[in-house]
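Heads up: the structure comes next, in structure tokens.
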Amino acid sequence: TRAMLYYQEALQVFKQTQDYVQIGDILSLMGTIHVHHASNEKALKCFNDALVMMKMSKAQDTLKTADLLHSIGNCQAKDGAFQESIKSYRESLAIKRQLLPREHISTAKSDHCLGLALIQLQSIDAALECFTSSLKVRMQALGSDHLDVAFSLHSIGRVYTLQGRVDEAITCLEQSLGVKSCKLGERHISLAETKHILASLYVKREKYPEAITLLKSALFIYNRAKGYETLKSDILDLLGGSFANINGDVNAILSYEQSLTIKQTVLGKNHIACANVLIELGQLKMKTGDLGDALIAFKEVKRIHKLNYGKDHLKNAVLLIHVGIIQYRLDNCDMALRCFTEAIRIRRLLLGERAIEVAEALVHVGRVYHKRGDHFDAISHFKDAIGIYDNTNDGVSKYGVKRLLGVSQIASGAYEDAFTSLEECLRFQESVDSSESTEWANVAYDLGMAKAKEGLIDDAVELLEKYVYLKKQTDNDSSSVSHALFQLGLIYSKTDVDRALTLFEDSLAIRRGLEDNEVDISDVLFQIGTIRKSKHQLLESIVCFEESLSLRQSVLRQDEETADIMFKMGEAYRLRQQYGLAVNFLSTALETYKMTVGDSHLSVANTLHCLGYVCDAQNEPRDAMKYHKEGLNVRKVNLGKNHVLTAASLDDVAGMYQKVGENEKALQCLKEALRIRKLQLVNDSMDIATTLFAMGIVFAASNDNEKASECYSASLAISARNGSNPKLEAQVIMNLFCRPLFDVMHIAHLQPPQTCY
């Protein structure tokens with residue numbers, strides 16, 4: 001203030017003497033003071049007046065005039081009058097280059113400022129030319145470690161960034177930062193500016209840890225300065241994206257939330273920039289499973305979009321896709337369908353029927369229909385999406401949808417179509433990757449599971465074993481590996497129980513390491529228990545069944561599978577002759593079956609027969625007969641009177657009649673069983689031989705030795721031809737030729753109860 005007073009006094013003196021050069025000098029000094037006090041308008045007036053004085057003194061082409069023009073250019077640039085500032089800088093440069101050597105340091109300053117103004121008008125190439133010229137002069141005059149060199153490098157890096165020349169930009173900015181870090185304090189704002197731009201380039205190169213370090217440092221500097229809210233918000237956005245890319249979701253959310261607060265304060269809650277941050281927050285909330293907060297974020301985005309864009313805008317379609325995905329994950333299929341369908345409408349309206357974006361939305365609709373069990377609608381939408389992809393070069397997307405199509409075709413029972421779709425996917429993956437890739441393995445899993453369901457066992461085994469081999473190289477603990485091992489176990493359980501047991505145990509080991517997996521663990525324990533039971537490892541099987549039952553009941557109500565477990569436990573306890581426990585579990589299984597699948601289900605028949613065996617073992621033939629008759633009636637209802645399992649039930653009833661001495665009724669049952677088996681089976685079936693042998697026993701018990709001998713002989717003839725049951729053959733021979741020694745033999749001892757398999 002005191003300086004201005006003295007300058008004004010001097011100014012009055014020189015005005016009287018009309019010394020225009022001195023007046024110009026004083027006005028220039030006064031302008032400089034106004035610049036320091038941020039009075040740009042006053043500064044510009046002083047500099048312009050000074051320039052007039054210089055022209056009146058006829059000293060307009062001096063270095064003082066050039067400096068004045070440079071100062072005027074600075075003031076114009078601060079006011080945003082970049083076109084005028086460019087004119088002033090160029091006039092200044094013209095004078096300097098006329099009076100000074102071309103590479104004089106003073107020209108570098110004006111070149112640099114001219115470049116900054118040109119950037120503002122998007123004259124990027126011209127700006128780069130200015131910065132390059134300035135850098136060359138400064139390097140020669142000042143050396144590579146001078147701050148002015150760092151500023152030039154920073155500006156060149158900025159231009160390269162705008163031009164997309166990322167690696168060249170990184171090189172310049174790293175050099176600039178190196179000089180600035182040595183010459184400036186750690187909190188200098190210029191350091192923050194360079195770190196900010198350099199970090200944004202590291203993000204483009206996916207160097208996220210390095211970017212995070214620079215961004216945190218820049219934010220620390222900006223937080224201690226005033227007036228940098230917009231830049232702070234930009235840095236927080238970059239931080240959020242960087243954290244998200246290295247799975248630092250909590251820090252990413254915190255960064256975006258801070259950015260949103262700044263944007264809402266500076267720009268207002270209705271600004272589209274706020275919507276952009278809310279979208280990032282919503283996606284992160286989806287990723288972390290916080291679907292409620294994600295929906296809140298997207299609802300606010302919808303409000304902002306409606307204000308800024310109206311209803312039918314592509315950004316609204318993107319938002320609807322996000323919301324639809326959340327509703328899909330929440331099992332709100334109807335709401336998800338509404339979102340995806342509206343997104344399709346907007347995209348078709350604005351992009352046309354065959355746009356890829358339409359195909360993407362169609363796939364989402366297909367997924368919803370598949371989840372709802374509307375497989376034919378799912379197939380239709382997947383095919384429509386594939387039809388769009390057929391006209392593009394995007395084979396990855398096309399065959400990704402074709403895989404989904406195959407899975408829906410499996411669910412709809414269209415196995416041949418599914419095989420065609422999935423085999424095409426396999427061939428595509430082999431062509432773009434190889435049959436060793438993860439993508440190939442995933443398709444092989446779907447195809448293998450489908451082949452297993454359709455009974456194409458060899459193909460299924462080959463595909464699933466290849467899948468397990470490949471996945472174990474990278475992701476041994478995945479749920480899908482466990483499912484593949486489980487399916488292989490089911491396949492091998494029919495031919496190689498030891499191999500099946502190993503596969504089930506491998507599946508169990510993986511499933512125990514996964515969360516929220518009680519039902520899957522229960523399923524594999526059930527299979528292990530079943531194999532242990534078949535190997536007569538009854539105690540071990542019961543341990544498996546008990547844990548399986550406990551896990552299933554912890555998450556589900558009583559269902560058919562729960563009854564299956566209790567039935568198996570009842571069988572195991574029966575074989576261990578723990579009849580009280582057997583009756584408890586079998587009775588509970590029977591009640592559960594009747595409650596869940598009805599009184600006439602085959603599982604009800606199986607359980608009734610098993611209860612009959614328990615009563616028989618406890619020498620309660622009348623109770624046993626009651627259960628066997630009930631089981632026979634259920635099988636007749638389900639299978640008809642000519643089914644081989646109906647014949648097996650007749651055997652069980654006959655056994656009880658024979659045991660209580662009602663031989664005529666026993667013979668009636670056995671004759672009917674023989675009729676059924678002759679109708680359904682080949683003549684040398686061991687089941688026919690067994691029935692004839694049982695009839696022989698009943699005839700013998702009725703003292704009709706002639707018919708007994710006929711039955712024994714017929715049974716022996718079949719046994720001798722078949723050769724698969726030497727024990728039965730020996731029993732027939734003994735009864736045929738050693739009748740006095742074996743007076744009575746119980747039918748129930750001839751064969752294991754078929755209903756227990």
Considering residues, nucleotides and ligands other than Lys299, do more than 12 of their heavy atoms fall under 6.0 Å from its NZ? no
Does Glu518, at its CD atom, have more than 12 non-hydrogen atoms belonging to other residues, nucleotides or ligands within less than 6.0 Å? yes
Lys109 with Asp148: basic N within carboxylate O range, under 4.0 Å: no
Got [X] and [Y] here, is their nearest side-chain heavy-atom distance under 4.5 Å?
{"X": "His483", "Y": "Asp520", "answer": "yes"}
{"X": "Glu360", "Y": "Ile356", "answer": "yes"}
{"X": "Leu291", "Y": "Lys285", "answer": "no"}
{"X": "Gln122", "Y": "Leu162", "answer": "no"}
{"X": "Ser85", "Y": "Asn74", "answer": "no"}

Mind checking ring-ring contact (aromatic ring centres under 6.0 Å, His included) for [X] and listing every partner two or more places apart, or none if nothing turns up?
{"X": "Tyr399", "answer": "Phe428"}
{"X": "His375", "answer": "His370"}
{"X": "His196", "answer": "none"}
{"X": "Tyr256", "answer": "none"}

Assess the side chains of Asn442 and Gln429: does a donor N or O sit below 3.5 Å from an acceptor N or O? no
Ignoring hydrogens and geometry beyond distance, is a side-chain donor-acceptor pair present between Asn308 and Asn270 at under 3.5 Å? no
Does Arg347 reach the main-chain N or O of Glu357 with its side chain, forming a donor-acceptor pair under 3.5 Å? yes
Is there any ring-ring contact (aromatic ring centres under 6.0 Å, His included) pair reaching into residues 322-361, and which pairs are they, with sequence neighbours excluded? Phe298-His322, Phe340-His364
Atom pairs and distances, donor-acceptor, side-chain atoms in residues 313-320, under 3.5 Å, two or more places apart:
from   : atom 1 : to     : atom 2 : distance (Å)
His313 : ND1    : Lys315 : N      : 3.0
Asn316 : OD1    : His305 : ND1    : 3.3
Asn316 : ND2    : Gly310 : O      : 2.8
Asn316 : ND2    : Lys311 : O      : 2.7

Quick check on the 6.0 Å ring-centre criterion: do His112 and Phe131 meet it? yes
Nearest heavy-atom neighbours spanning Ser152 and Ser134: OG-OG, 3.5 Å
